[in-house]
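What follows is one structure encoded as structure tokens, with my remarks underneath.
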Amino acid sequence: MSSKIVLIDGHSILNRAFYGLPDLTNAEGLHTNAIYGFLTIMFKLLEEEKPDYLTVAFDVHAPTFRHKMYAEYKGTRKPMADELRQQVPVIKEVLQAMGVKTIECAGLEADDLIGTLSKRCERKDMEVVVISGDRDLLQLATEHVKIRIPKTKQGRTEIEDYYAKDVFERYQVTPEEFIDLKALMGDTADNIPGVPGIGEKTATKIITQYHSIETAHDHVEELKPPRASKSLNEYWDLAVLSKELATINVNAEFSYELSEAKLGNVYTEEAYVFFQKLEFKNLLSRFDVAAPANKIEDGFRIITSKREAEEIFAKAEKAQTTGTVLFKDMENVLPLFADQAGLGGIGLCFSNEAGFCIKTGNDISGEWLLEKLADVAETTDTFSMFHLKESMDQIKIRKPENCFDVSVAAYLLNPLKNNYTWEDVAREHLDLMVDEKADQEIKACYEAYTNYASVEVLSRKLADTKMDTLFREIEMPLVFTLFDMEQNGIRVEAEALKQYGNQLACKIGDLEKEIYEEAGETFNINSPKQLGVVLFENMKLPGGRKTKTGYSTAADVLEKLAPEHPVVAKILEYRQYTKLKSTYADGLANYIQDDGRIHGKFNQTITATGRISSTEPNLQNIPVRMELGRLIRKVFIPEDGYRFVDADYSQIELRVLAHCSGDEHLIRAYKEQSDIHRITASQVFHIPFDEVTPQQRRNAKAVNFGIVYGISSFGLSQDLSITRKEAAKYIDDYFATYPGIKTFLDHAVTHAKEEGYVVTLFGRRRPVPELSSSNFMQRSFGERVAMNSPIQGAAADIIKIAMIRVNQKLKKQKMKSRLVLQVHDELLIEAYEPELEAVQKILKEEMEHAAKLKVPLEIDMHTGVNWYEAK
DNA sequence: ACCAAGGTC
DNA sequence: TCCTAGACCTTGGTA
């Protein structure tokens, strides 16, 4: 049987991968999407083809030679994006680490290398497989040379295969003639000009008849569409140049030793290290030699006897640092009922030498384990866990100050990740890879070890980045505050909620009928796609395209459309009602527990800015702006004998901005007047304070908001329905009035560009990788992020401090009153009636003095028998 | 799994 | 020129 070689067009595949995949970066900020895509394609290929030889060809510089000729000719070729350029040397190193032969040669394009190699190999009776995104290479196809072209179709990569006969089938020309075809029709992707006025159809006709441009030129007078005849005559030079550009040199001179391309095991240890660095987690599973021999694992032990367990606990109690994990007993439970599983055991680690997995069963009960663990948590100096809050309902923590939550530390060090796992921490911070196929006992040891060992590493990194205080004094105490809030939950009247839902259902039913009638057909109003067709095609309402998938039916679009037809307003109303019913009435009802309360989750490691997020359900977006939606707050009620106290900061972000910028005018404005929007209007528009019109105040308010978001004239003009020019004028006037703010925002962007991150008052960091993007949109986004994050982040820090202190005070004074919600600038307390006044005092005191700024922090506070009333 | 939509601060 | 406000979460529809 003949042997087989795979030839890969390196730059072409990298390019394809780069533009076909979303941006990926590793912890060091290196872009990796092209490398990742390249490797996936390569692996797929190796599996399918099982070749004996493999070679990847690169251009020396991209672009070179033939392409450069045309680039100069036309001067259009864009430089390679920076994000892609930086990946080129890396992929070469990775390939080298995998023992894959790469080839590049000055003065020769990858095409020429591949063309020449394919001919040389074919002569040796080998099977050749060429992979490239470049259709130019189809000219190389023969009976034994297969050209494979990957295509991205709706996210999936499909590969088109071409032997000579397939080229003929697809283009009705032979591979050799394909060059001439290209010479006539051109190819913008490959930078081949072609002959103007001749497209695929005409070109095919001409080449099938004359087989080459030269013959066609000889018979130029006879060419069928007179237009083509004229064109070929006129642009003959261009045709010749195009053919030259399109022709791949199959007889290039360069040295190449086939034996070097012999494909061995690409899953080498060296490559493994690269894959780790690049964070290609799912590619790592391909390496069957897991992590390079691990000493740590030798020290892991599985404990099933109580006597041994007791000895270990005794040592742990005296240990300086203890890493722990709980795991479920999945052996005695069906996967579907995982949440009902009992405790299967724990992982425990308090030295570099050993790790233990202590299992329940025999004479070791779950309760006993958890009690011992609570003792350890109290006596060890540092008790470390991952997502500590999620274990706190099982392990009673008596000394919060001993605790270290690895997930929170990892979050502070990089708040941009969308999830935090101990495996990631092990890899990123400890250079430790965990075998995915390991048993749960071994995994428990690994996690315990990770939690143990990362204390030192992460503490040092937090100190290095000056976030140790933030971690110790805000984030760690917050873990306990959030835990308390989750435990407390909030009481919701299920009956009233149901009634509210029923009322909505009636309205929805009526509206549905009316809409169908006016539209003249029935359809799914909830489907933006169907709705778009009904409105803009069937009913012929004026309106343009907006989204990728079709017509936009967003509220602002429909609002503009409302005067055109009465059905539009009804649709808007229908939307409102269905939103309320599905998300809030029905949605919330599903979360009411047996105790009549909703115990939502408050997440600490989600947002990029440092805010808390709320899920299952989201209690931070309960309607308030529209009266109809606001009514839902009436079903949130305190326990009997209690009342709600709701306190929210007044414009905390603007006040933070005033403080951080140090702008004297804004600071004075805050000290003198409480109506900041009015005073802004007065100062920016140069009008006496008392003569500010409501419209002027509204405009000033919009500008104030815009500033906080990282202003752009376009955004502001959208918001105020004014021209961009007018909006730009507002912004200019604003900055003229408050020059300190301009300086501050500019500085934030400059700092972010230089350092790669922005910082809040309290030292919280947010990296801004977008600022180094070559894409204008991305970069602009980065600039807004740089302006917004320090402000939003500092505000988040302040309320975190406040809520920690409020909660601690309530507990210290043994009050029955309890914190139930945080909504970014608002705290809701379920206050025991006898404690009502004390609670209000605590709230005011702690919230207003959470931070000492150059402007006062003020709050609004209300009480009520439900949330509607208290807000 | 993704998008469009829409709810909050 | 690029056509854009910051931070989230849940829903229903569609591929």
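Fair warning: this is a prediction, and the values are worked out from it, not measured in the lab. Residue numbers begin at 1 in each chain, while the letters A, B, ... track the order of the sequences.
Residue A:Arg784 has its side chain nearest to C:dA5 when only C:dA7, C:dT11, C:dA5 are considered. Closest to the A:Glu616 side chain, of the nucleotides B:dG6, C:dA7, C:dT10, is C:dT10. Minimum atom distance to the side chain of A:Val785 is reached by C:dA7, of the listed C:dA7, C:dC9, B:dC9. Of the listed nucleotides (C:dC3, B:dT8, B:dA5), C:dC3 has the atom at the smallest distance from the side chain of A:Phe714. Side chain of A:His824, nearest nucleotide from B:dC9, B:dG7, C:dA7: B:dC9. Taking the side chain of A:Ser712 as heavy atoms from C-beta on, and the options C:dT4, C:dG6, B:dG6, the nearest nucleotide is C:dT4. When distances run from any side-chain atom of A:Thr615 to the nucleotides C:dA7, C:dC3, C:dT10, the shortest one goes to C:dT10. Checked against B:dA5, C:dA7, C:dC9, the side chain of A:Phe781 finds its nearest nucleotide in C:dA7. Counting only heavy atoms from C-beta on, A:Pro528 has its side chain closest to B:dA5 among C:dT10, B:dA5, C:dG6.
Counting atom types as modelled, A:Arg625 pairs no side-chain N or O with a base atom of B:dT8 as donor and acceptor under 3.5 Å. Put simply, the side chain of A:Lys579 and the base of B:dG6 share a donor and an acceptor less than 3.5 Å apart. Not a single donor-acceptor contact under 3.5 angstrom links the side-chain atoms of A:Asn526 to the base of C:dG12.
Nucleic acid contact class of A:Leu580 (heavy atoms, under 4.0 Å, all strands): none. Residue A:Ile606 is in sugar-phosphate contact alone, with no base atom involved, counting any heavy-atom pair closer than 4.0 Å across all strands shown. At a threshold of 4.0 angstrom between heavy atoms, the contacts of A:Ala796 with the nucleic acid are absent. Counting any heavy atom pair closer than 4.0 Å across all strands shown, A:Arg724 reaches a base atom. Residue contacts for A:Asn524: at a heavy-atom cut-off of 4.0 Å it reaches the sugar-phosphate backbone alone, with no base atom in range. Residue A:Ala555 is classed as a sugar-phosphate contact, given heavy-atom separations below 4.0 Å to backbone atoms only.
A side chain to side chain contact (heavy atoms under 4.5 Å, CB included) with A:Gln822 is found for one member of A:Leu482, A:Ile612, A:Leu619 and no other, namely A:Ile612. For the ring-ring contact (aromatic ring centres under 6.0 Å, His included) test with A:Phe636, the passing option among A:Trp867, A:Phe644, A:Tyr584, A:Tyr500 is A:Trp867; the others fail.
Using modelled atom types and a 3.5 Å distance limit, the side chains of A:Glu627 and A:Tyr868 yield a donor-acceptor pair. In this model, a donor atom of one side chain and an acceptor atom of the other lie less than 3.5 Å apart for A:Glu521 and A:Asn538.
C:dC3 sits 22 Å from B:dG6 when the P atoms are compared, rounded to a whole Å. The separation of B:dC2 from C:dA5, taken at their C1' atoms, amounts to 24 Å, rounded to a whole angstrom.
Between the CG atom of A:Asn788 and the P atom of C:dG6 there is a distance of 8 Å, rounded to whole Å.
Dashed line: the shortest gap from a side-chain N or O of A:Gln530 to OP1 or OP2 of C:dT14 is under 4.0 Å.
In this structure, A:Tyr709 forms no aromatic stack with the base of C:dA5, since the conditions of centre separation below 5.5 Å and plane angle below 30° are not both met.
The environment of A:Phe705 atom CZ is sparse: at most 12 non-hydrogen atoms of other residues, nucleotides or ligands sit within 6.0 angstrom.
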